Structures are given as C-alpha cells and as structure tokens.
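Below you'll find the structure, written out as structure tokens, and then a few comments.
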Amino acid sequence: MPDLPPKPDLLLRNAAMVITMNAARRELPGGWVLLRGGAIEAVGSAAEPCPPAAESIDLAGHILLPGLVNTHHHMFQTLTRVVAQDATLFDWLTALYPIWARMRPEDLRLAATTAMAELMLSGCTTAADHLYLFPNGRRLEDTIEAAGALGLRFHATRGAMSLGRSRGGLPPDVLVEDEAAILRDMERVLDRLHDPAPLSMLRIGLAPCSPFSVTRELMRDAAALGRARGVMLHTHLAEDASDVAFSRARFNCTPAEYAEEVGWLGPDVWHAHCVKLDADGIGRFARSGTGVAHCPCSNMRLASGIAPVTAMRRAGVTVGLGLDGTASNDGGHLLGEARQAMLLARIGAGPGALGARDVLEMATLGGARVLGRADIGALVPGLAADLVAFDLHGLDHAGAEADPVAALVFCTPARVALSIIAGRVVVRDGVLTGLDARAHAARHRAAALRMAEG
C-alpha cells in the first residue's frame, strides 16, 4: 500500500455513553476519546475537560465502543448464499464444493470485498478470514488486497484441504492440495505478508480446514511451522455430531483429544464452533489457554446445536464471536451475531446465561484475546484507534433509555453510524467511505449467477 498522509488528531466527544472495556469495564456518560497517530491518546468522562484536537466529532445520542472483532469467517462464501437451505453440515458442504470449485481470483476479490463491507457496516473493525480453497489460481493475496482497499484490520489465515474423498475425507479430490505444496505456500505468505508489530493491520495465521479434510500429518506440520514462526493457528473443531463421529471413527478419540494429540491446544490456537465440546474438552481448552470462535447463527442454520458457551466462560475459556461463512450464516452483521449469542445461550441455560455486556465483551475484548492481540478490543490509551459509534436516536431504540448499552444488543441490530480504524474514518453517517456499494453489489450478483449456472 502507498504511504498515507499523517492522521490528524481526532476528538470524539459528548457521547451518550463510552463503553471502554478497560480493566474496570468503565462506562462513561458524556465521555470523550482522543485519537492520535492511529492510537488512542486519552479517554475521559464528562467531568473532565475535552483536550484540543485538529478535528472533532460530536457524538450526542451515540454509543461509542471499541470496534467489534470477528474471529471466524469464510469470505468467499458471500457468492453462494441461500444454497442447500435445509442441510446439515456434511450435506451442505457436499452440495457447495462443486460450486466453489468454479471460483476465480476475481470472484474471490469480489466476495471478500462484499463480506468486509458488510462487516464494517455492522461495527466490525478487525476480522479473521479462513480461506481453505485455492482452485484456479486463487491466492491469499486476493483477500488481503480487498482488506487494504477498504481499510479493515485483517487476520488472513492460509487454510488448506489435503484429505480427499478417495482417502476417506469429505471434499472431492479436485479441491485438495498436495501437502508439501501447502506448507511451501504457508511459508511464502508468512515471509511476504505477516506483520507481527503492535498495531499491525495484517497478520497471517495457519489454518488447515478440519479433521475431516486434512491429514494428521498436515495438522502436526502446520502447528510446528506456526510455532517456529510465532503465528496463530486456527481450524474447525467439534462442529456437529457428524464431526464428532468422524473423529471417533478415524482417530478413536474425541475432537479435543485429537486436537491435543496433534499439538492443536494452546494460547496460540483458536478453534471455530466447538458446539459438541464436552466437559473434558472444555477442561483441556481452559487449562491450555485455547480460544473459541462462537458462531451461533451458522450453528442454528445447519442445526448443529448450541455451543456450551456459558460453561466455557465459567471454566475460563476465552471466547470470541465469529460469523462463519456467509453461505451458512447468509448474513454479515456482527452486532446481530452478538444479539443471537445472547438469546441462544438462554435456551436451556436460563435468562442469566449471557447478558448484553457479556456478549459485547465477547465481541470486542474476547475476540481480541482469541486472536492473540493485546493492542485492540478496548478504549485504553496506547491501544489501536479502532472505534465504532451507533446512533440511538431512531425508532428501533425508542423506549430503551433505561439502559442504552443493553439497547445495542436487545433491540434491532443497527448499522454503524461511525467507524474508525487505525485513526481513519471508514464509515461516516452510515456510509462506507471507500466503496460504491451499489455498483459493487451489481458486479457481485453477476459473478454469483455465473458460478451458480456453472
């Protein structure tokens, strides 16, 4: 990316409430935040005088909070929404593999841009993407270029599938890669793209797809490579009953036992879904510091079940939110995902299972910790200047004055009014600053139709 001009000081003031997510979880009525050079300079309450700044934005009637963090996505799937509508996980994947095999590099860039735009309009400022299909010359760079163009803080993971149907895996052989080639490309993208510096806009992780699509050997080799290079590791685990049955039949153990056996537990690892993680697995995750990306909408869409998030959190497991693929979620609203997480947890576990502030913490600080980042997720001096503001003036929030913070989650999920990433405004007055959304959507629809028609 070309060098950008220095960011002017920016003061966000007079917010109805500033949700800091700091160690004391302070909430500041009438509060303000000063941004300088891509980082947070200072945070204050209404009782403290606002400092001078080159630019100031009045946020009367708005809730200001840290940017939301999406810990699991398959952005290429925006091209295949509402396909296989009544299928469970394995049947859904089997129906979609042939369509995904037709995707070109330009399709991937379109799909990723759509996914990122949706995320940013929902309040997301950092997103992790799990790309595990590389037919027709597609590269990890295709998604990274989209993130750079929009200004999204991005965790791109180099996924892979190597266990085809002929060897007992789920995916067709045409979509799997040679394992030596996978490892070479993992090294290539780490060498070329990964930025481990504080406030980094781009980090790379390694992400073999799942126990039913990669071999034991690739899991071990990818873990060894990731630890040698100091990067995060990501995969799917215990997503539904079929996933668990596959692990028991092929590896003679539970998914959590398998993960531990191949070196996939630890503070540098996060697993998506974990719907069927049992008590023993929860204990292994808690003791090892392994993170979880909770994807409630996708889990419901595929009838996978209800992840034991309350039990995980009680045990000390770090949990963030993930949207999962836009073909198994069909939407891209991260604040809506937080609302769904709160409501779903109450089925069976009671009305106190998860509160609005619990899921807002999962969507910000929890997601940051899952991704191994100490520089995002809270409004604290020195952390990244990633902030979002939601306008509570509208009909959707009328009558929710008793608790405007809870209103963000309990009421209809709102589009973000203001989004700032690394100190730069990327959404203003509910409009993306770097994309002609209507023109882009027309190109996206054309690509989706071409892929669907074969």
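Just so it is clear, the model here is predicted, and its values are computed rather than measured. Index from 1, following the sequence.
Distance check, rounded to the nearest 0.5 Å: CG of L408 to CD1 of I19 gives 5.5 Å. Atom CD1 of I40 and atom CD1 of I376 lie 11.0 Å apart (nearest 0.5 Å). Atom CG of L131 and atom NE2 of H74 lie 9.5 Å apart (nearest 0.5 Å). Between the SG atom of C209 and the CG atom of L133 there is a distance of 7.5 Å, given to the nearest 0.5 Å. Atoms CG and CZ, from L108 and R138 in turn, are 5.0 Å apart once rounded to the nearest 0.5 Å. If you take OG on S210 and CG on L93, they are separated by 8.0 Å, rounding to the nearest 0.5 Å.
For the residue pair A127 and M75, the shortest heavy atom distance occurs at CB-CE, 4.0 Å. Of all non-hydrogen atoms in L354 and A345, the two that sit nearest each other are CD1-CB, 3.6 Å. Closest approach of V269 and M232 over heavy atoms only: N-CE, 4.0 Å. Residues M103 and L79 share a closest heavy-atom pair of CE-CD1, 3.8 Å. Taking every heavy atom of both residues into account, L237 and D243 meet most closely at C-OD2, 3.9 Å. For the pair H393 and G61, the tightest heavy-atom approach, listed with the atom from each and the gap, is CE1-CA, 3.5 Å.
A side-chain donor from one of S45 and E48 sits under 3.5 Å from a side-chain acceptor of the other. In the model, T78 has no side-chain atom that pairs as donor or acceptor with a side-chain atom of T326 under 3.5 Å. When only modelled atom types and interatomic distance are considered, T290 and R284 share no side-chain donor-acceptor pair under 3.5 Å. Remark: the E337 side chain and the N329 side chain contain an N/O donor-acceptor pair separated by less than 3.5 Å. Side chains of H73 and D324: a donor-acceptor N/O pair is absent below 3.5 angstrom, by distance only. Defined by atom type and a distance below 3.5 Å, a donor-acceptor pair is present between the side-chain atoms of N14 and D58.
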I'd like to know whether D107 forms a salt bridge (Lys or Arg N to Asp or Glu O under 4.0 Å) with R450, so could you lay out the CA-CA distance, the side-chain angles of the two residues, the decisive distance to 0.1 Å, and finally the verdict. CA-CA 10 Å; D107 300 327; R450 175 184 52 76; 2.4 Å; yes
Evaluate E260 against R287 for salt bridge (Lys or Arg N to Asp or Glu O under 4.0 Å), listing each step before the verdict. CA-CA 12 Å; E260 185 168 50; R287 290 190 296 272; 6.0 Å; no
Under the criterion side chain to side chain contact (heavy atoms under 4.5 Å, CB included), I'd like the reasoning laid out for I57 against L11: C-alpha separation, chi angles, the key distance, then a yes or no. CA-CA 6 Å; I57 299 177; L11 177 67; over 6 Å; no
Might you work through the salt bridge (Lys or Arg N to Asp or Glu O under 4.0 Å) test for R424 and E55, ending with a clear yes or no? CA-CA 12 Å; R424 299 186 186 280; E55 182 183 355; over 6 Å; no
W92 vs V83, test: side chain to side chain contact (heavy atoms under 4.5 Å, CB included). Steps then yes/no. CA-CA 8 Å; W92 174 84; V83 177; 5.9 Å; no
Walk me through it: do L435 and T113 pass the test side chain to side chain contact (heavy atoms under 4.5 Å, CB included)? CA-CA 9 Å; L435 183 71; T113 299; 4.0 Å; yes
Evaluate S304 against H273 for side chain to side chain contact (heavy atoms under 4.5 Å, CB included), listing each step before the verdict. CA-CA 9 Å; S304 299; H273 300 291; over 6 Å; no
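By the salt bridge (charged side-chain N to carboxylate O under 4.0 Å, His left out) test, R339 is found to be paired with no residue, residues two or more places apart in sequence or in another chain being considered. Scanning for ring pair (Phe, Tyr, Trp, His ring centres under 6.0 Å) contacts around F76 gives W100, Y132, with sequence neighbours left out. Not counting sequence neighbours, the partners of H234 by the ring pair (Phe, Tyr, Trp, His ring centres under 6.0 Å) test are H72, H130, W270. R445 is linked by a side chain to side chain donor-acceptor pair (under 3.5 Å) to nothing, counting only residues two or more places apart in sequence or in another chain.
With respect to V43, the side chain to side chain contact (heavy atoms under 4.5 Å, CB included) criterion is satisfied by exactly one of V380, L28, N22, L12: L28.
Between the side chain of D375 and the backbone N or O of L199 there is at least one donor-acceptor pair closer than 3.5 Å. In this structure, the side chain of S122 does not engage the main chain of H333 through any donor-acceptor pair within 3.5 Å. Of the possible donor and acceptor atoms, none in the side chain of D358 sits under 3.5 Å from a partner among the backbone N and O of M362. Counting only distance, with no hydrogens or angles, the side chain of D129 and the backbone of A156 share no donor-acceptor pair below 3.5 Å. In this structure, S298 contributes its side chain and C295 its backbone to no donor-acceptor pair below 3.5 Å. A distance-only check finds no donor-acceptor pair linking the side chain of R153 to the backbone of T126 [under 3.5 Å]. The backbone N or O of S200 sits nowhere less than 3.5 Å from a side-chain atom of R203 that would complete a donor-acceptor pair. Judged by distance alone, with hydrogens and angles left aside, the side-chain atoms of T20 form no donor-acceptor pair with the main-chain N or O of E27 at under 3.5 Å. Side chain of R36 to backbone of E41: no donor-acceptor contact under 3.5 angstrom is found. Looking at T364, its side chain does come within 3.5 Å of a backbone N or O of L360 through a donor-acceptor pair.
We find that D330 and R81 are not joined by a salt bridge, their nearest charged nitrogen and carboxylate oxygen being 4.0 Å or further apart. A salt bridge does not link E106 to R443: none of the charged nitrogens lies less than 4.0 Å from a carboxylate oxygen.
With a 4.5 Å cut-off on side-chain heavy atoms, L121 and L432 count as touching. Using a 4.5 Å heavy-atom threshold, the side chains of F154 and M116 count as touching. Side chains of Q340 and M300 form a contact here, defined as non-hydrogen atoms less than 4.5 Å apart. Between T157 and L206 there is no side-chain heavy-atom pair separated by less than 4.5 Å. Within the 4.5 Å cutoff, side-chain heavy atoms of I204 are placed close to those of I144. The shortest distance between side-chain heavy atoms of E361 and R25 falls below 4.5 Å. For the pair D240 and V275, the minimum side-chain heavy-atom distance is 4.5 Å or more. Under the 4.5 Å side-chain criterion, counting only non-hydrogen atoms from C-beta, I420 is not in contact with V388.
Taking the six-membered ring where the residue is Trp, the centroids of H155 and H194 are separated by 6.0 Å or more.
Applying the 6.0 Å contact sphere to CG of L449 captures more than 12 heavy atoms from other residues, nucleotides or ligands.
Pairs of residues two or more places apart, or lying in two chains, that qualify as side-chain hydrogen bond (donor to acceptor under 3.5 Å, both in side chains) and include a residue from residues 395-421 are R357-D403. Sorted by first and then second residue, the ring-ring contact (aromatic ring centres under 6.0 Å, His included) pairs involving residues 285-309 (not counting sequence neighbours) are H271-F285.
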